[in-house]
There are 2 protein chains.
Amino acid sequence: MAEQNDKNPSPATLMDVANQAGVSIATASRVLNGSARKVRNESYVKVMEAATKLNYRPNAYAQAVAKGTAPNIVLLVSDISDPYFAAVSQGVVKAAGEQGVSVTIGVAPDAKSELEAVRKATATRPRGIIISESERIDAPERAQLEAELKRYEAAGGHAVFILNRNLPFPAVDVANEVGARAIAKLIVDSGYRRPAILKGDDNYRSSKERLAGMMAVFDKAGITVDPKAVANGRFSRTEGYAAIMQLARLGRLTAASGADAAYDGQGVDCVVALNDVMAIGAMSALRANGIEPGKDMGVTGFGDIPYSADVHPSLTTVHLPLTEMGQAAVERVLASSDGDADAGSRLIFVQSAPDIVLRESLPRR
Amino acid sequence: MAEQNDKNPSPATLMDVANQAGVSIATASRVLNGSARKVRNESYVKVMEAATKLNYRPNAYAQAVAKGTAPNIVLLVSDISDPYFAAVSQGVVKAAGEQGVSVTIGVAPDAKSELEAVRKATATRPRGIIISESERIDAPERAQLEAELKRYEAAGGHAVFILNRNLPFPAVDVANEVGARAIAKLIVDSGYRRPAILKGDDNYRSSKERLAGMMAVFDKAGITVDPKAVANGRFSRTEGYAAIMQLARLGRLTAASGADAAYDGQGVDCVVALNDVMAIGAMSALRANGIEPGKDMGVTGFGDIPYSADVHPSLTTVHLPLTEMGQAAVERVLASSDGDADAGSRLIFVQSAPDIVLRESLPRR
DNA sequence: CTGTTAGCGCTTTCAT
DNA sequence: ATGAAAGCGCTAACAG
């Protein structure tokens, strides 16, 4: 009575397959996973049959241990439910998938969890670590993060940031300033003169560059942005909303609110957000204050996340190649990890001239 | 001249730490990773110091191989950039993070890639596999998928579906029908009589149940849904858009288009989408046909994805606890995997009475 | 409490 | 072309 129990709770191993096929475990390994198959056709077939019959699946971890390297890359984002990250992630996953490497997505909203996440990630010795943050976080953890990643690199890993060039690692970048100039020009040309600015942390490159580009154009047009109309916040819907609520509460937005209004009591005529989700949050807040965005006040974003076309009113913004940015990051990681020595410079530019997307939130006035 | 080269390209191993600390590798393992620390305080300190100095990070894969189990769960979604999945994913990542298990997100838009993804996933022997699909896919791969997952379960794994109870695996579920009834009632009570329905595949439970719930209410209200006003599509923005375009092209939507119009030439007075992204796509398509959603025609969705509040007009829909659904899936996976034998029934209900969210897309008429 | 010693499943020389 | 054997880094009995 052979105990050939069918519901054996453990998966077939390479050895099982080898036995079943009547070959050595080494041979089995060669046909199932190895590279150059120097295996006689006969045994090749036997092994394949055995594998199919036993439903063999290589243990990815064991392979990783034996090979000393893992077939995955990890992607760290601040928030998956933010459409910006979703779009970037999509590019990462797509590109990685095409190369047969899987991606582990980690979510780290703040510096502390980010450091933890990186530590966990390095413990898995992935081919690469891609970090896409919503802002530059100046925290004590920052130095540790850098050290950790440096060690990871020294150990043969590859770290790439997306839109953050503050740390000494390769970074995917876009022509933020060019895009900013373009939309600022549109704002001016459309007849707006008193912009409120919703920006991110000054240390976050993207925010800084976008701001610089816009300011240059405003200056040239003779517009001096009133500091009373500038608000800070993280690049999130919530903070875009909060920023406007705050401005409204202080009476800065409209002339009606009296002397506190920005621009010498005239109030602002448009809200310029340095990122789409902030713009979307801002529109909601404007409405909460009885101001109809796209009508009583112009609004612009930056990024062109997929849903910016669906919001109310649809958002006039700067198109950024979000998906491509994710892909570029993967390419860089994989190229470096394929021994491509120093695969290019530290900055990886994607698309040189961001297009501006004209929609309804910034009507000519 | 000690060759104590600092830029050694390979990370410290447990052995390095043990040597450095002057203890056995077993002891080092105990203090660094093991559970019950039965280690003398003195050696504990020495090991910790050595570990810090050498910057030791356990090799997650080696641990997994040695332990025979991995500290992660994999989440398979059809599309990360879909806000529905983003919200669910967020719940999954959050819940998993709290338990110290990391999540690997895979993207599999169709049956074929899904099967592949599951195969890759099982090769990594994760604690669990959570599958969140946008529809039921009837394809030959389906049987293989089931077989694969069954094998995975037999090997001690745990598979959980989110909103798909067609396969014999645990599934997170919500009261679709109740929600559907509620919104149908709202539609009727708001004065609408000639709904167009945008549904998903009939084999996809969520779509089917929502449809059934609505139909029951419409029937009772004496409304017979005109088959000419019913369109199929996947649960995506694109297909919601396409469905409406198609209906418009056939002249079904408005009385103006003549005899082809649904409801005996009267045309429809509202579009009822069985999911939010379809509704959003539909609104865009309506506009493309000169019909202003929320004004000329009512629109409803189902799901209450975060951005449904921001679209134009904001969407009246049925709230689904998206994040909680993700969390519930994780809890089930972890509970089962913690030996909680048969942790509950096959269906995991989240929230029994879906609320309906009143916004602007369905004004009283 | 701590060290020894087997493995975990797989890859990879190194012989044959 | 194929097998034997030595690891990969870590865990887990099993003695002390």
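Reckoned from all heavy atoms, side chains included, excluding hydrogens, waters and symmetry mates. Every chain is numbered from 1, with letters handed out A, B, ... down the list of sequences. All values derive from a computational prediction rather than experimental measurement.
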Find the distance B/L32:CG to D/dC10:P and express it as a whole number of Å. 9 Å

Please report the distance, rounded to the nearest Å, between CG in A/N19 and P in D/dG3. 11 Å

The helix from C/dC1-D/dG16 to C/dT16-D/dA1: angle between its terminal axes, five pairs each, to 10°? 40°

By side-chain hydrogen bond (donor to acceptor under 3.5 Å, both in side chains), B/E148 pairs with (sequence neighbours left out) A/R57, B/R119, B/R151

Looking at side-chain heavy atoms only, is the closest gap between B/L163 and B/E133 below 4.5 Å? no

Which residues share a salt bridge (charged side-chain N to carboxylate O under 4.0 Å, His left out) with [X], sequence neighbours left out:
X      : answer
A/R165 : A/D173, A/E209
A/K53  : none
B/E331 : none
A/E324 : none

Does a side-chain N or O from A/N33 land closer than 4.0 Å to OP1 or OP2 of C/dC10, or not? no

Is the shortest side-chain N/O distance from A/S29 to OP1 or OP2 of C/dT12 below 4.0 Å? no

Each nucleotide N or O in nucleotides 3-6 of chain C that has a protein N or O under 3.5 Å away: list the pair and distance.
unit_1 : atom_1 : unit_2 : atom_2 : d
C/dG3  : OP2    : B/S24  : N      : 2.9
C/dG3  : OP2    : B/S24  : OG     : 3.1
C/dG3  : OP2    : B/T27  : OG1    : 2.7
C/dG3  : N7     : B/R30  : NH2    : 2.7
C/dG3  : O6     : B/R30  : NH1    : 3.3
C/dG3  : O6     : B/R30  : NH2    : 3.4

Of all residues at least two apart in sequence or in a different chain, which pass the side-chain contact (heavy atoms from CB on, under 4.5 Å) check with [X]?
X      : value
A/S132 : A/V77, A/Y84, A/F85, A/V88, A/I162
B/L54  : B/A12, B/D16, B/V17, B/Q20
A/E141 : A/A111, A/K112, A/L115, A/A139

Listing time: all N or O pairs from protein to nucleotides 7-9 of chain D that are below 3.5 Å?
unit_1 : atom_1 : unit_2 : atom_2 : d
D/dC8  : O2     : A/A66  : N      : 3.3

For residues 67-76 of chain B, dump all side-chain donor-acceptor pairs below 3.5 Å to protein atoms at least two apart in sequence or in another chain.
unit_1 : atom_1 : unit_2 : atom_2 : d
B/N72  : OD1    : A/Y61  : OH     : 3.4
B/N72  : ND2    : B/T104 : OG1    : 3.2

